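Reading through the C-alpha cells given below for one structure.
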Number of protein chains: 2
Amino acid sequence: MAETREFLYPSKWLTRASAGDRVACELRMRIIAGIIESGTILSENKIAADFSVSRSPVREALKILASENIIRLERMGAVVIGLTEKEIEEIYDVRLLIESFVFERLVRIDTHDLVMELSKILEMMKVAIRYGDADEFSYQDVLFHETIIRAINHSYMLMIWNNLKPVMESFILLSMRIRFKEKYDDFTRILENHQLYIEAIKTKDRALMIKSLHQNFDDVQGKVEYLWMSQQLLAKGVEQEND
Amino acid sequence: MAETREFLYPSKWLTRASAGDRVACELRMRIIAGIIESGTILSENKIAADFSVSRSPVREALKILASENIIRLERMGAVVIGLTEKEIEEIYDVRLLIESFVFERLVRIDTHDLVMELSKILEMMKVAIRYGDADEFSYQDVLFHETIIRAINHSYMLMIWNNLKPVMESFILLSMRIRFKEKYDDFTRILENHQLYIEAIKTKDRALMIKSLHQNFDDVQGKVEYLWMSQQLLAKGVEQEND
DNA sequence: TTAAGTATACTTGTATACAAGTATTATAAC
DNA sequence: GTTATAATACTTGTATACAAGTATACTTAA
C-alpha cells in the first residue's frame, strides 16, 4: 500500500493548539495537497463529524481558511478554492513585494544579530537534511524568511506575512516531502541560496539580495511540479485505500 | 451636550450583517477613535453584556480584530493595540506597495472599463460632498481604491486589501467626519487628486501615477491630525456624558 | 509582617440546543 | 408533461451550558 497517513499536518506542531486550529491545519493541508478538490462544498456538520468535534471549532477553522483565500464562505456551504498555478504565482508576487520592502529597511539598520540568527537557522536546516527530516527542514525554511521580516519591526508587513504563512507552510511541507525522496540533491542548491541571502544582508548588497531572492523564487517555482507529484501520489494512496 | 452617538459605525452599512460583524465594526471604530484606549483589556463576557449578545458573536468579532492587528489575543483577555502614528504610517507603506504593484499590472491591460467605473465613483464623491455626507464620501473613497485593486484580478493582492480595508475604512470615516466640519475646502484638493489618478490610469503614465499616489498619501498623512481631533472631541463627549 | 497554600471568581475553548432561513424534493393541480 | 405549492432536510447564526485552566484575593502558619 502507498504511504498514507491519517493526518498530513505534523502533529507535533499542534501541541497546545485548539481543536479549531487543528482542523484548520489539517483541512488546509488536504486542500493544498488536492485531496479535497477545488469546487468541493464543505459542510460544517460533515467536517465536525469527520474530525469528531463540535461545530464551534469547525466554524473557527472555516473562518481562518476563508481569510487565507483557499475557501470561500457562501450563503450555504464553503466552496474550496485551492491552489492553482495562478495562486502560487500570486503568493510569490506578494513575497517578492514584502521581502524587497524589508530589504530596503534592512540596509538602514544594524543587522548583526539578524545575521547570527539566520546562520543558526541555516545550520538547523543542514542538520534536518542530514537526518532526512523534511518537516523540520520546512519549518526552518519558513522560519528563516519570517525572521528576516520580523527584523524590521513592521507590524503590518508582519500581518501580511501571517496571512500568507499557513498556506506557504503547507505548500512547502508538501513539496519538500516529495523532494526529500525524489530530488535529494536539490538541497545543496537551496542551502547555497540561503547562504547567499545571508551574505546579501550582511554586506547590505542590494544587487546580491535581488539575485538571491530571484534564485530562491525561481527554485521555488520548480517546486510547483512537486506539488503536482504530491497530489498525484496522495490521490493514488486514497484510491488504494478505498479499494 | 456635545454630539455623541450610540454607535460610531454607520448602521445602514450593517443591513444583513451578523451580530459578530456588528460588534467587530463598532469595537473597531471605538478603538480607532480612541474611546477604547490602547492597553485596555477586553473581556468577552463584558463585551457580550455591553452589546446584549452572547459570547459566540463576540468571539468572532475579537478574532477579526486580532487578524487586523488592532487587538492582541492573549491567554486571558484581549489587549487593545489601537492605531498610533507608527501604525498609520505602516498602513500607508502597505497601500503604497500594493497600489504601485497594481499600477504596473494596469499599464499592461485594457483599462477603459476601469476608468469609466472610477469616473462614476468620482461623481458620487462630488455628490456626497454637495450634500455634506461624510460617511457616503468615505465609502466612495474606499471603493475607489478597491476598484483599482480589483481590476488586476489578483486574489492575493485583494486578500491583503481585505485585511487592511476595515481599519482603513474606520480611519477614513473618522477623519472625514471631522474634515467635513472643520476643513470643507480640503475636498476640492482630494477630488483633484483622484481625478489625477484616473488620468494616470487612462494615459498609463507611470510618472503621473507616482505623483498622484504620493499627493494622495501626503494629503492623507495630514488626516492623522484629524484623527487626533476626532479622538479629543469624542473623549470630551464621553466625559460630559459621564457627568 | 511575610510566605505559602487554598478558595473563588474569573477566563477560554468546546459542546449542544434552537430559531430562522434556504435549497431540494415530493406532491398536487392543471 | 409542466407548473405551482407544500413538505423535508438541510444550512447558518446565536444562545447557553459546562469543563478545564488561570489570576486574584484570602486565609493560615511561621
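The model shown is predicted, which means the values in this text are computed figures rather than measured ones. Residue numbering restarts at 1 for every chain, and letters A, B, ... go by the order of the sequence lines.
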Indicate whether any N or O donor in one side chain lies under 3.5 Å from an N or O acceptor in the other, for A:Tyr9 and A:Glu169. yes
Round to the nearest Å and state the distance from B:Ile71 atom CD1 to C:dT12 atom P. 10 Å
Backbone N or O of A:Thr84 within a donor-acceptor pair of the A:Glu87 side chain at under 3.5 Å? yes
Does A:Arg22 reach the main-chain N or O of A:Leu14 with its side chain, forming a donor-acceptor pair under 3.5 Å? yes
Would you indicate, yes or no, if D:dT11 has its OP1 or OP2 atom less than 4.0 angstrom from a side-chain nitrogen or oxygen of A:Asn45? yes
A:Val58 vs A:Phe51 side-chain heavy atoms within contact, under 4.5 Å: no
Nearest whole angstrom, please: distance from the P of C:dG13 to the CD1 of A:Ile64. 11 Å
I'd like to know if the side chain of A:Ser155 pairs up with that of B:Glu90 as donor and acceptor (distance under 3.5 Å, no hydrogens or angles considered). yes
Examine distances only and state if a side-chain atom of B:Asp133 and a backbone atom of B:Ile129 form a donor-acceptor pair shorter than 3.5 Å. no
Backbone N/O of A:Lys46 and side chain of A:Ser43: donor-acceptor pair under 3.5 Å: yes
Looking at residues 48-62 of chain B, who's got a heavy atom less than 4.0 Å off DNA chain C? B:Arg55, B:Arg59
Per-nucleotide protein contact along nucleotides 20-26 of chain D, 5' to 3', at a 4.0 Å heavy-atom cut-off (B base, S sugar-phosphate only, - neither), is -BSS---
How many Å lie between CG on B:Leu14 and C1' on D:dG13, as a whole number? 16 Å
How many Å lie between NZ on A:Lys63 and C1' on D:dT14, as a whole number? 11 Å
Length of the line joining A:Leu73:CG and D:dT12:P, which is rounded to integer Å: 9 Å
With a 4.5 Å heavy-atom cut-off, do B:Ile64 and B:Arg28 have their side chains touching? yes
What integer distance in Å separates B:Lys46:NZ from C:dT12:P? 13 Å
Side-chain donor or acceptor of B:Ser170 paired with backbone N/O of B:Pro166 under 3.5 Å: yes
Using atom CD1 of A:Ile41 as one end and atom P of D:dT11 as the other, report the distance to the nearest whole Å. 10 Å
When you check the phosphate oxygens OP1 and OP2 of C:dT11, does a side-chain N or O of B:Ser43 lie under 4.0 Å from one of them? yes
